[in-house]
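One structure below.
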Amino acid sequence: MGTLRKALVVAAALGAGAGVGSALFALVTPGELQKQAMLKQMPEQHPQHRDEAARTQRLVMVTLQEAAATQENVACRKNWTGGGGGTV
């Protein structure tokens, strides 16, 4: 009988803990309107940031294509946006 009682107490404690955790999670989770407001404020939504990210990606792709076409170690360049000038 003592083992059954311990098992029930443990099950009740775990259930109560899970209930409290679920309630706290529900309180902290933002609502749908708040989620939409947060998404609008993300930097990726601003046109200037998108243009800057696209330009950076183009520069990286150009550098990778150049690195694939040459034997020079382009990682050693001091100025990555310009051609040549680095050490091998």
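Computed from a predicted model, the values in this text were never measured in an experiment.
Although no hydrogens or angles enter the test, the distance criterion places no donor-acceptor pair under 3.5 Å between the side chain of T70 and the main chain of E66.
Atom CD of Q36 is surrounded by more than 12 heavy atoms from other residues, nucleotides or ligands within 6.0 Å.
The CD atom of Q34 sits 11.0 Å away from atom CD of E32, with the distance rounded to the nearest 0.5 Å.
With sequence neighbours left out, Q48 forms a side-chain contact (heavy atoms from CB on, under 4.5 Å) with no residue at all.
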### Query
For R55 and R58, what are the C-alpha separation, side-chain angles and deciding distance, and is it a side chain to side chain contact (heavy atoms under 4.5 Å, CB included)?
CA-CA 5 Å; R55 179 181 176 274; R58 281 193 306 270; 3.7 Å; yes

